[in-house]
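Treat the numbers as computed from the prediction; the structure is a model and nothing was measured.
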Amino acid sequence: MSVLNNYTDFMAEKYENFPQNRYLTLIVLRKAESEMIFRTEGSGEGLARDTVHAGLEDRDEPISRVTISKRKQTAVERRTGRELLRQHNLLFYAADSKGNREESEDNICALNRNKPCGICADCMIYGYAVGGGGAQKSRVITDDAFSILSYQTVTAKRTFNALYDNNTMRDPVTGEASPSIQEDEYVKPETLFIDMQTLKDLTAIEIRYVIANMLRSRRYGAISSRLGKMRNTLVGAIFSDCELFSNLELTQSVYDRLGSDGRKFPLDEKQVKSQVVASVADLSHGVIGNLQILSDTDLNALINEIQQTFVSPTSVKSLLESITDLYA
């Protein structure tokens with residue numbers, strides 16, 4: 001018996017086209033485990049950051065915080081899920097304006113190619129839009145994630161160059177010096193980010209899929225083949241009939257609770273987790289709605305359920321097929 005059976009009033013029984021006012025907010029602590037780069041596009045830009053008040057109480061001096069944009073979070077986690085769907089042949093062919101689905105390699109459901117199939121788990125959970133018609137709004141609602149500490153504290157710069165085959169900066173053919181000396185800003189290892197993901201009108205099996213994608217995703221940001229290792233920890237989960245407070249409010253509340261003595265880099269992860277839980281409980285009092293916070297026992301049981309499911313390829317395939325059947 002799944003622990004989610006205790007919260008059926010807050011989950012959809014089946015997929016519906018109309019909103020049902022059922023929310024599950026996941027509280028996630030993201031920890032950098034290597035150097036990481038979060039920026040817009042191209043190369044050479046500085047890290048993405050925003051200037052905000054330090055805390056809800058500490059509002060004397062605004063600080064800059066490193067941000068992980070919502071797209072750079074969900075894009076990674078979508079691809080993690082799509083790899084599984086592709087492995088089990090559960091990505092389908094895109095339909096034309098008449099509803100015909102040409103079975104060709106070029107027509108298979110794919111991100112950023114205007115080729116959504118509109119019937120797979122990824123399309124129906126994370127959303128899609130196609131120019132010729134048809135759309136599904138994402139039922140995974142995200143926001144920018146903020147570093148707890150200031151930009152100046154959690155970042156550094158590193159100079160790099162591009163050596164030739166002779167292991168020097170001079171072209172072995174022409175003898176000319178290479179101009180390829182550049183500098184990148186990066187986020188230091190062990191930097192902590194607080195994030196919230198809100199799942200709207202999802203069934204129990206869809207919830208397991210989204211949480212698994214988040215826990216299984218390990219690389220974020222630019223140059224992810226060499227940098228960008230990150231560990232995601234599910235710290236809390238809240239069922240509700242409305243959206244809750246924001247990522248920024250939660251981050252600011254945790255910042256206040258850590259106090260000046262607790263804000264030294266690198267942060268104590270256990271202390272941060274406990275302060276996140278306390279801040280969630282405190283901020284929840286200001287929400288006008290029906291809330292049900294999962295206990296530590298239920299949260300750990302849910303994570304264990306997901307771990308046990310993904311140990312077995314047969315169980316994973318059964319889960320993915322069950323989700324796909326919801327949209328038949």
Quiz item: Which distance, rounded to the nearest 0.5 Å, do you find between the OG of Ser64 and the OH of Tyr151?
Solution: 8.0 Å

Quiz item: Would Ile141 and Leu202 show up in the same hydrophobic cluster when neighbours are defined by side-chain heavy atoms closer than 4.5 Å?
Solution: no

Quiz item: Any idea which heavy atoms bring Ile37 and Leu47 closest together, and the distance?
Solution: CA-CD2, 3.9 Å

Self-check item: Leu291 backbone acceptor or donor facing Ser240 side chain under 3.5 Å
Solution: no

Quiz item: Which ILVMFWY residues are connected to Leu248, directly or by a chain of links, through side-chain heavy atoms under 4.5 Å apart?
Solution: Val52, Phe146

Practice problem: Indicate yes or no for a side-chain donor-acceptor contact from Asn300 to the backbone of Asp296 under 3.5 Å, with no hydrogens or angles considered. | Solution: yes

Practice problem: Please determine, by modelled atom types, if Ser217 and Thr80 share a side-chain donor-acceptor pair under 3.5 angstrom. | Solution: yes

Exercise. Would you please test Arg49 and Glu185 for salt bridge (charged side-chain N to carboxylate O under 4.0 Å, His left out) and show each step?
Key: CA-CA 12 Å; Arg49 54 179 171 170; Glu185 286 184 305; 5.5 Å; no

Quiz item: Linking I/L/V/M/F/W/Y whenever their side-chain heavy atoms sit closer than 4.5 Å, directly or via other members, would Tyr128 and Tyr93 fall into one cluster?
Solution: no

Practice problem: Identify whether the distance between the nearest side-chain nitrogen and carboxylate oxygen of Arg139 and Asp201 falls below 4.0 Å. | Solution: no

Quiz item: Can you name the closest pair of heavy atoms from Thr324 and Ile119 and give their distance?
Solution: CG2-O, 4.2 Å

Practice problem: Might you confirm whether atom CD of Glu16 has over 12 heavy atoms from other residues, nucleotides or ligands at distances under 6.0 Å? | Solution: yes

Exercise. Quick one: sort the Tyr327 and Tyr15 rings into parallel, tilted or perpendicular, breaks at 30° and 60°.
Key: perpendicular

Self-check item: Whether over 12 other heavy atoms sit under 6.0 Å from Glu13 CD
Solution: no

Practice problem: Evaluate the side-chain proximity of Leu215 to Phe310: yes if any heavy-atom separation is below 4.5 Å, no if none is. | Solution: no

Quiz prompt | Atom pair CD1 (Ile63) and NE2 (His53), whose distance is rounded to the nearest 0.5 Å | solution = 10.5 Å

Practice problem: Side-chain contact test, heavy atoms from C-beta onward, threshold under 4.5 Å: evaluate it for Leu91 versus Cys120 and give yes or no. | Solution: yes

Quiz item: Is there a chain of hydrophobic side chains (I, L, V, M, F, W, Y, each step under 4.5 Å between heavy atoms) that links Leu111 to Met214?
Solution: no

Exercise. Flag the pair Asp9 / Gln292 as yes when at least one side-chain heavy-atom distance between them is below 4.5 Å, and no otherwise.
Key: no

Quiz prompt | Gap separating the OH atom of Tyr209 from the CG atom of Leu85, nearest 0.5 angstrom | solution = 4.0 Å

Quiz item: Taking the side chain as C-beta and beyond, is there a heavy-atom pair between Met36 and Arg30 under 4.5 Å?
Solution: no

Quiz item: Among Ser253, Ser274, Ser284, whose side chain to side chain donor-acceptor pair (under 3.5 Å) with Ser279 holds?
Solution: Ser253

Practice problem: Verify side-chain contact (heavy atoms from CB on, under 4.5 Å) between Tyr7 and Leu302, making sure each step is shown before the conclusion. | Solution: CA-CA 12 Å; Tyr7 303 92; Leu302 176 58; over 6 Å; no

Exercise. Going by the side chain to side chain donor-acceptor pair (under 3.5 Å) test, name the single residue among Arg79, Arg86, Arg78 that passes it with Asp122.
Key: Arg78

Quiz item: Can Tyr255 and Arg263 be said to form a side-chain contact (heavy atoms from CB on, under 4.5 Å), step by step?
Solution: CA-CA 8 Å; Tyr255 182 90; Arg263 298 173 193 152; 3.4 Å; yes

Quiz item: With side chains defined as the heavy atoms from C-beta onward, is the minimum distance between Thr233 and Lys273 less than 4.5 Å?
Solution: yes

Quiz item: Near Lys317 NZ, under 6.0 Å, is it more than 12 heavy atoms from other residues, nucleotides or ligands?
Solution: no

Exercise. Begin from the C-alpha positions of Asn6 and Phe239 and carry the test side-chain contact (heavy atoms from CB on, under 4.5 Å) through to its verdict.
Key: CA-CA 11 Å; Asn6 299 326; Phe239 283 103; over 6 Å; no

Quiz item: So do the side chains of Asp144 and Asn247 get within less than 4.5 Å of each other, counting heavy atoms only?
Solution: no

Quiz prompt | Distance (rounded to the nearest 0.5 Å) between Ile207 CD1 and Leu24 CG | solution = 5.0 Å

Exercise. Using atom types as modelled and distance alone, determine if a side-chain donor or acceptor of Gln197 lies under 3.5 Å from a backbone N or O of Val28.
Key: no

Exercise. Ignoring hydrogens and angles, tell me if any N or O in the side chain of Gln73 forms a donor-acceptor pair with the backbone of Asp143 under 3.5 Å.
Key: yes

Quiz item: Any side-chain heavy atom of Leu267 sitting closer than 4.5 Å to one from Leu258?
Solution: yes

Quiz item: Between the side chains of Ser2 and Arg208, does any donor sit under 3.5 Å from an acceptor?
Solution: yes

Quiz item: Should we count CD of Gln152 as having more than 12 external heavy atoms under 6.0 Å?
Solution: yes

Self-check item: Check: Ser34 side chain, Gly228 main-chain N or O, donor-acceptor pair, under 3.5 Å
Solution: yes

Quiz item: Should Arg22 and Glu206 count as an ion pair when the cut-off is N to O under 4.0 Å?
Solution: no

Self-check item: Whether Thr74 side chain and Lys70 backbone form a donor-acceptor pair below 3.5 Å
Solution: yes

Quiz prompt | Residues which pass side-chain hydrogen bond (donor to acceptor under 3.5 Å, both in side chains) with Asp106, listed by chain and number, not counting sequence neighbours | solution = Arg113

Quiz item: When rounded to the nearest 0.5 angstrom, what distance separates CG in Leu26 from CG in Leu294?
Solution: 9.5 Å

Quiz item: In a check of salt bridge (Lys or Arg N to Asp or Glu O under 4.0 Å) between Glu33 and each of Arg218, Lys188, Arg219, which one passes?
Solution: Arg218

Quiz prompt | Spatial distance of atom SG (Cys242) from atom OH (Tyr23) [nearest 0.5 Å] | solution = 7.5 Å

Exercise. State whether the side chain of Thr67 and the backbone N or O of Ser69 hold a donor-acceptor pair below 3.5 Å, judged by distance alone.
Key: no

Quiz item: Taking side chain as C-beta onward, heavy atoms only, is Phe193 less than 4.5 Å from Thr251?
Solution: no

